[in-house]
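Got a structure here, written out as structure tokens. Questions coming.
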Amino acid sequence: MNKVYLDNASTTAVHPLVIEEMTKVMSHDYGNPSSTHSYGRNAKSILELSRKSIAKQFNVSAQEIIFTSCGTEANNWILRSAVVDLKVKRIITSKIEHHAVLETVLALQKEYSIQVDFVAVKPNGEIDLTNLVELLAQDVKTLVSLMHVNNEIGTVLDLERVGVICREHNVLFHSDTVQSIGKKTIDLQVVSADFIVASAHKFHGPKGVGFAFIRKNSGLQPLFHGGEQEKGLRPGTEALHQIAGMAKALTISYDNLEQDEKHISNLRTYLLKQLDQELEGYQINGSKEGFYTMLNVQLPFTNDKTAMILFHLDMQGIAVSRGSACQSGSIRPSHVLEQMLSVEDLKKPSLRISFSQFNTKNDVDLLIAALKKI
Ligand code: PLP
């Protein structure tokens, strides 16, 4: 059976060159970066070269990149420390954030009684920036947390514009950039975000490693205690093979960005064309002009076919996602689609189809053929 992986917003295949790099580090460079002997110094050098190469991609200094275990940890750390240490009293976010942000914000609201406001989301899933400006009229110590690319529907936030709005209102700006890092250039001298986060497994790196960009002099304090690693901001022996793999994956992603973006965009356009021809009555959740890596498609199927659709596709070797990965398999509608769709449309099956450079037109053809059989 031909297997088709179209769930790259959940996770991606590890790039063969990344595996090679990680294998080398695990086999030969096993010193602890905190040790002072030659093994340790060698490990430290790999660690710092990785940090430098990541920092360069975003036009920031190496000390502003802090390694974490994943995007979820980075989001939790930033939001919590903003409240606990930076004395933020109010968080403005949206109801279509990833749960790593949304649930953290709600937990902080419960624990610290901070004010939480949700910026309006337009019917096409874009953030209403006029409403953001209105919300910022209050004079309270505030952090704005808005994701760059939505992981379910692919809507894109204008990071530069939101950065300017936040500066003008003298508030902190955090963006969950997990879906865009490695897939879009971000110049942090142009975008005035205070904090952004990344997760390596979304750009063909290993799982279990990510990083946070923490702008210099932000005052953020560590979430964990017990070591001096990462300048005391993230104690714990560094997962050197993961970090080196992540740095390699990011370099490969940005070195090939232009051609990969073109290839993936063409696949997305091809999918839209095939849907037009073969699945009359489908709708796009979000916008056809959304991020080039994904499409969220509402299928014109009757309710009785909805429950089994992922199962049917899976039986034919096709991996896609309903809503976001953490929700597939659950019967609750996606919290993102809930903000945008009518009750009727929510009952219809929606699929998130997400691409990588390893996909081909044949993958799209197999998906369409499988959908037609349902
Ligand atoms: N934020 C977004 C937008 C995501 O898509 C994900 C992964 O699904 C995360 C955060 C969590 O990242 P990680 O898997 O590294 O914890």
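As the structure lists them, so they are numbered: ligands from 1, and atoms in each ligand from 1. When reading the values below, keep in mind they use all heavy atoms of this one structure, side chains included, and skip hydrogens, waters and symmetry mates. This one's a predicted model, so the numbers in the text were calculated from it and none came from an experiment.
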H98 side chain to A100 main-chain N or O, any donor-acceptor pair under 3.5 Å? yes
Considering only heavy atoms of M147, which atoms of ligand 1 have at least one such atom less than 4.0 Å away? 3 (C)
N/O to N/O below 3.5 Å, does that happen between D176 and ligand 1?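 Between D176 and ligand 1, an N or O pair is found under 3.5 Å apart.
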Please determine whether any non-hydrogen atom of H201 lies less than 4.0 Å from an atom of ligand 1. yes
Expected output: side-chain R234 to main-chain A74 donor-acceptor under 3.5 Å: no
Within the 4.0 Å heavy-atom cut-off, what K202 brings close to ligand 1 is side chain
Can you find an N or O of G71 that's nearer than 3.5 Å to an N or O of ligand 1?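 Yes: some nitrogen or oxygen of G71 is under 3.5 Å from one in ligand 1.
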Mind checking whether H15 and H204 have parallel, tilted or perpendicular rings, split at 30° and 60°?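 Geometry flag for H204 against H15: perpendicular rings.
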Which of the numbered atoms in ligand 1 are under 4.0 angstrom from any heavy atom belonging to C70?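 Listed by number with element, the hits are 13 (P), 15 (O), 16 (O).
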Side chain, backbone, both or neither: which part of T72 comes within less than 4.0 Å of ligand 1 when only heavy atoms are counted?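 The answer is both, backbone and side chain.
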Taking non-hydrogen atoms only, is K207 closer than 4.0 angstrom to ligand 1 via side chain, backbone, both or neither?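 For K207, there is no contact with ligand 1 at all, from either part.
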Answer yes or no: is there a donor N or O on one side and an acceptor on the other, between the side chain of Q189 and the main chain of N59, under 3.5 Å? yes
Does K216 offer a backbone N or O that forms a donor-acceptor pair with the side chain of E64 under 3.5 Å?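 Indeed, once roles are kept as given, a pair shorter than 3.5 Å links the two residues.
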Measuring only between side-chain heavy atoms, which start at C-beta, is L367 closer than 4.5 Å to V320?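 Yes, at least one pair of side-chain atoms sits under 4.5 Å.
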